[in-house]
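Worksheet for the structure shown next.
Just so you know, these numbers use all the heavy atoms, side chains as well, and skip hydrogens, waters and symmetry mates.
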Amino acid sequence: MIVEVALPVPLRGGFDYLLPEGQPTPTPGCRVRVPFGSRQLSGVVVTIKQDSEQPTAKLRQLSAVLDHQPILSERLLEWLNWASRYYQHPLGDVISTALPARLRKGDAATIQQTCWQLTETGLAQDSQSLKRAPQQQALVERLQSGRCDARTLKQAFSATVIRALEEKGLIETVEDEYVADTDWPQRIHICGQLTPNLEQSLAITAVNNHAQGFQCFLLEGVTGSGKTEVYLQTIAPLLKQGRQILILVPEIGLTPQTVARFEQRFGIEVAVLHSGLTDKERLRVWQQAGLGEVGIIIGTRSAIFTPLANPGMIIVDEEHDGSYKQQDGWRYHARDLAVVRARMEKVPLILGSATPSLETLNNALGSRYQHLSLGKRAGGANAVKHQVLDIKGQALDYGLAKGMQQRIRLHLQQGHQVMLFINRRGFAPALICHQCGHVEECHRCERSFTLHRQLKKLQCHHCGDAKVVPHRCAACGHPDLQPVGMGTEQLEQGIQRIFPDYSAMRIDSDSARGKQKLHGLLEEINQGKSQLLIGTQILAKGHHFPRVSLVVILDVDSALFSADYRAAEHLAQLITQVAGRAGRAQIQGELWLQTHNPGHPLLQDLLNNGYQHFARLALKERQFAALPPYSYQALFRAEAVDGNLAYGFLEQVKACLQPTDITLIGPLPALMEKRQGRYRMQLLLQSDKRTGIQQWLSNMMSNIEKLPLANKVRWSLDMDPMDFT
DNA sequence: TACGTTTAGTCG
DNA sequence: GACTAAACGTAC
């Protein structure tokens with residue numbers, strides 16, 4: 001018997017081991033401990049086979065089998081196998097990212113629980129002898145029908161009763177296998193269900209009609225159109241059947257309110273997976289979900305790996321959100337993995353967004369996904385008016401044109417709140433010497449340091465390096481150092497100067513360090529403590545600001561002319577999301593964009609015709625330029641202290657490619673050419689057929705790994721890259 | 001020659 | 001990725 005094991009090492013393929021005599025054969029999905037070089041590693045059994053391609057002499061024996069039951073179901077294992085091939089990432093590493101840290105380290109996968117049972121004397125004794133202690137008598141009688149776990153017993157009997165019987169030697173504790181508690185479907189009690197409007201009804205019916213098999217839905221609904229209500233009503237019948245629902249939300253969107261809404265509607269506990277959990281808590285949720293003890297699991301990106309005993313549906317909320325893409329190690333996209341998982345589990349998948357990604361929209365328009373639209377804002381809130389302000393040749397105070405200042409004042413005087421967006425943290429993005437023009441730069445990234453006045457520091461936003469603000473120019477020694485450009489800190493200070501009678505609040509990742517703090521600040525905003533809100537994108541996600549009537553985006557030009565072809569899409573999403581979160585029925589909301597290019601066609605289209613129309617136009621542009629989703633990309637990244645090595649490696653990769661239908665672009669320097677002291681190069685593969693790239697990669701990856709420069713540079717492959725920094 | 005440091009190669 | 005043995009460099 002040969003056991004093939006996937007190990008958490010950056011090497012392709014499994015490793016074969018011999019099963020020691022007398023050992024029970026582990027099934028695929030079980031963890032095992034194996035000798036690997038000079039150390040012991042734990043991995044997961046992938047297959048059991050009769051013979052190995054390796055010479056038998058080379059094979060070593062398994063050290064131990066860690067699980068009696070597989071911790072990964074056959075289906076999950078098959079899914080991860082697919083993912084490993086699709087992303088061209090080693091299976092061992094894929095499996096290890098999919099497992100909770102505790103299981104990776106080899107902790108027990110089964111839950112042990114403490115149970116009470118009668119001792120031998122307890123069994124022999126007649127319970128009538130305890131007549132004078134009715135509680136104790138009841139307890140003994142309860143245990144006569146079998147052991148009972150400590151938690152349940154504590155609910156029925158006081159600790160004193162238990163202790164008394166223990167001291168009498170009638171009962172004792174014993175460690176026992178945990179029995180899953182799966183009666184939550186009976187506890188479901190639907191409350192507070194809203195009457196759906198026509199569009200919501202249509203969407204709910206459409207999903208219900210396909211609830212028993214795989215079907216992918218795009219639920220495109222403007223903010224406030226009641227997407228959540230559709231989720232709630234489509235999952236209700238599934239939950240009642242005891243089927244589990246997995247919900248993915250963006251990192252920033254996982255709020256206690258979201259969780260509370262699901263708990264209130266169904267009256268059952270919702271399991272939550274987010275970055276704040278300890279390893280132990282995370283393992284517990286993983287186990288509960290796998291045993292079928294929880295009906296609803298809400299989590300961020302990595303929650304897609306949660307096992308489900310009886311899956312009913314997967315929902316990816318705000319599917320366009322960038323946080324679904326893992327940006328290091330195995331660069332998976334949780335939304336894309338969700339599609340494949342739903343297909344394998346034979347359950348429906350809902351992708352929800354007010355501003356769907358062009359990839360998803362394209363799938364919906366091409367009928368691969370069923371397209372459901374919610375166009376009306378529930379509760380009759382007015383649509384926010386979009387307008388542009390041409391700032392060509394205008395004098396700006398802290399980035400604000402005079403006309404804009406007047407408009408802001410108008411809204412403030414009406415007692416409303418005003419929100420200002422700028423895409424830069426800190427005080428100023430650079431510090432320049434007024435005498436010689438020298439700019440303070442991070443030597444590891446060759447980018448200017450951002451000035452943080454509050455922290456009294458210069459900080460590199462690319463590597464996190466920080467130093468104290470110098471008093472003199474490092475080049476000429478002159479003390480006249482001036483900030484250039486503007487960030488949130490400076491805007492806050494400036495806006496306070498222009499509007500001294502109103503209070504300003506800044507919300508960015510500096511001021512809102514820590515999740516709790518962000519929620520606190522958002523609370524304060526909605527209580528009306530500040531009238532002027534200054535922030536970065538962090539403000540745009542997941543929160544409503546009913547008192548805000550005016551939103552200003554200070555600079556949209558950088559996105560319109562970015563080297564990243566997705567920048568316009570992301571800007572449009574930001575603008576639409578922001579507009580959707582401001583204002584309410586009684587207040588006519590306004591959104592203003594300051595730009596030097598008021599006539600830009602995409603901007604005009606967005607303003608006049610809304611995101612839906614813009615997205616279709618942007619898709620046409622992508623099609624014309626043969627960009628995703630009309631072509632498929634894979635990106636080789638390489639970095640090294642010596643830029644020539646990174647370049648040379650990618651040249652070697654390029655040389656592996658025979659002329660085929662794959663277009664190669666590069667090697668080119670990354671958009672951020674140097675980072676943390678390393679030069680970064682990229683080689684982009686593009687093809688109009690996904691299979692073309694896939695085939696070439698699966699044939700070539702092992703050759704690429706053996707290239708002479710492959711272990712001299714740090715390199716990685718990014719399937720469906722989302723950014724080119 | 002003894003020691004610390006970098007590098008190439010391997011892992012079943 | 002982590003580890004080891006070999007190669008290399010340096011001090012005495």
Under 30°, 30 to 60°, or over 60°: which ring-plane class applies to Trp79(A) and Phe305(A), parallel, tilted or perpendicular?
tilted
Under a criterion of less than 4.0 angstrom to any heavy atom of chain A, what are the 5'-terminal and 3'-terminal contacting nucleotides of DNA chain C?
dG1(C) to dT4(C)
Verify whether one side chain among Ser448(A) and Glu440(A) offers a donor that lies under 3.5 Å from an acceptor in the other.
no
Below 30° counts as parallel, above 60° as perpendicular, anything between as tilted: where do the rings of Trp715(A) and Phe636(A) land?
tilted
Ignoring hydrogens and geometry beyond distance, is a side-chain donor-acceptor pair present between Glu4(A) and Thr47(A) at under 3.5 Å?
yes
Distance-only polar pair, side chains of Arg622(A) and Ser631(A), donor-acceptor under 3.5 Å
no
For Lys49(A), does the NZ atom have more than 12 heavy-atom neighbours from other residues, nucleotides or ligands under 6.0 Å away?
yes
Rounded at 0.5 Å granularity, tell me how far CZ in Arg341(A) sits from CD1 in Ile314(A).
5.5 Å
Output one line per pair: protein atom, nucleotide atom from nucleotides 8-12 of chain B, and distance, for all N/O pairs under 3.5 Å.
unit_1	atom_1	unit_2	atom_2	d
dC11(B)	O3'	Gly37(A)	N	3.3
dG12(B)	OP1	Gly37(A)	N	3.0
dG12(B)	OP1	Arg60(A)	NH1	2.3
dG12(B)	O3'	Asp16(A)	O	2.2
dG12(B)	O3'	Arg60(A)	N	3.3
dG12(B)	N7	Lys58(A)	NZ	3.3
dG12(B)	N1	Gln54(A)	NE2	2.9
dG12(B)	N2	Gly14(A)	O	2.9

